[in-house]
Amino acid sequence: MIGRWHGLVIDCPQPRALAEFYEELLGMVRVQDDDGFVVIGDAPDRPGVAFARVEGWVPPKWPDESAHMHFDVRVDDLAAAGEEVLALGARRLAGGGERFHVYADPAGHPFCLVSW
């Protein structure tokens, strides 16, 4: 092992707003809140998800451009969870299937709700 996973950093135009969206989606809490850089997670000493301000942010154009990575969020009920993420500011994207639906977060990053 070379190292341990510390976190995932997501570029975006408004870190606090996007962190708030993912706090609700993933049930995490804010563990760091600096101007231009916000981290959410289970606890400050565990890996988290960070949001970093990037000037001139341009989201990928789904499905024509790859986002290179995205969250898969497991839910019990795709329809109910879909309504909840739309109310938080997500938007539905093309694609998906019987067991997963594709959305964009408020900054335009794709993510999937999945149900097994």
Side-chain angles (χ1 to χ4, degrees):
M1 177 174 75
I2 295 171
R4 290 185 200 99
W5 179 54
H6 177 69
L8 171 68
V9 180
I10 298 175
D11 296 340
C12 63
Q14 299 175 344
R16 287 186 175 122
L18 197 56
E20 188 174 303
F21 174 84
Y22 280 99
E23 283 173 315
E24 291 293 323
L25 178 61
L26 301 174
M28 294 181 166
V29 297
R30 197 160 304 199
V31 296
Q32 181 180 342
D33 192 342
D34 298 323
D35 189 37
F37 194 79
V38 177
V39 182
I40 65 172
D42 304 21
D45 62 339
R46 295 183 36 86
V49 180
F51 305 89
R53 178 176 289 123
V54 171
E55 298 301 324
W57 163 251
V58 178
K61 293 169 181 54
W62 182 269
D64 300 326
E65 295 178 5
S66 169
H68 301 287
M69 67 171 43
H70 65 268
F71 281 105
D72 276 358
V73 180
R74 190 169 180 174
V75 298
D76 293 326
D77 182 325
L78 280 175
E83 290 177 20
E84 290 182 60
V85 297
L86 292 173
L88 289 175
R91 63 185 165 82
R92 182 80 188 263
L93 296 177
E98 185 179 315
R99 293 163 52 151
F100 74 99
H101 295 168
V102 184
Y103 295 86
D105 68 24
H109 303 98
F111 69 95
C112 293
L113 298 180
V114 300
S115 180
W116 306 118

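Since the model is a prediction, treat every value here as computed from it, not as a measurement.
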Please output the side-chain donor-acceptor pairs of residues 74-81 that fall under 3.5 Å, not counting sequence neighbours, one pair per line with the distance.
residue: D77; atom: OD1; partner: A79; partner atom: N; Å: 3.0
residue: D77; atom: OD1; partner: A80; partner atom: N; Å: 3.0

Residues 83-95 side chain polar contacts: donor-acceptor under 3.5 Å, at least two apart:
none

Only pairs under 3.5 Å count here: list side-chain donor-acceptor contacts from residues 12-25, not counting sequence neighbours, and write none if there are none.
residue: R16; atom: NE; partner: D33; partner atom: OD1; Å: 2.6
residue: R16; atom: NH2; partner: D33; partner atom: OD1; Å: 3.1
residue: Y22; atom: OH; partner: D105; partner atom: OD2; Å: 2.8
residue: E23; atom: OE1; partner: R30; partner atom: NH2; Å: 3.0
residue: E23; atom: OE2; partner: R30; partner atom: N; Å: 3.1
residue: E23; atom: OE2; partner: R30; partner atom: NE; Å: 3.3

Return a table of donor-acceptor pairs under 3.5 angstrom between the side chains of residues 45-58 and protein atoms on other chains or two or more places apart.
residue: W57; atom: NE1; partner: A107; partner atom: O; Å: 2.8

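Between M28 and D42 there is a side-chain heavy-atom pair separated by less than 4.5 Å.
There is a path of hydrophobic side-chain contacts, each under 4.5 Å, that joins I10 to I40.
In the hydrophobic clustering, where aliphatic and aromatic side chains (Ile, Leu, Val, Met, Phe, Trp, Tyr) are joined below 4.5 Å either directly or transitively, V31 groups with V9, V29, F37, V39.
Looking at Y103, F100, F71 one by one, the single match for side-chain contact (heavy atoms from CB on, under 4.5 Å) with L113 turns out to be Y103.
Checked against side-chain hydrogen bond (donor to acceptor under 3.5 Å, both in side chains), D64 has no partners two or more places apart in sequence or in another chain.
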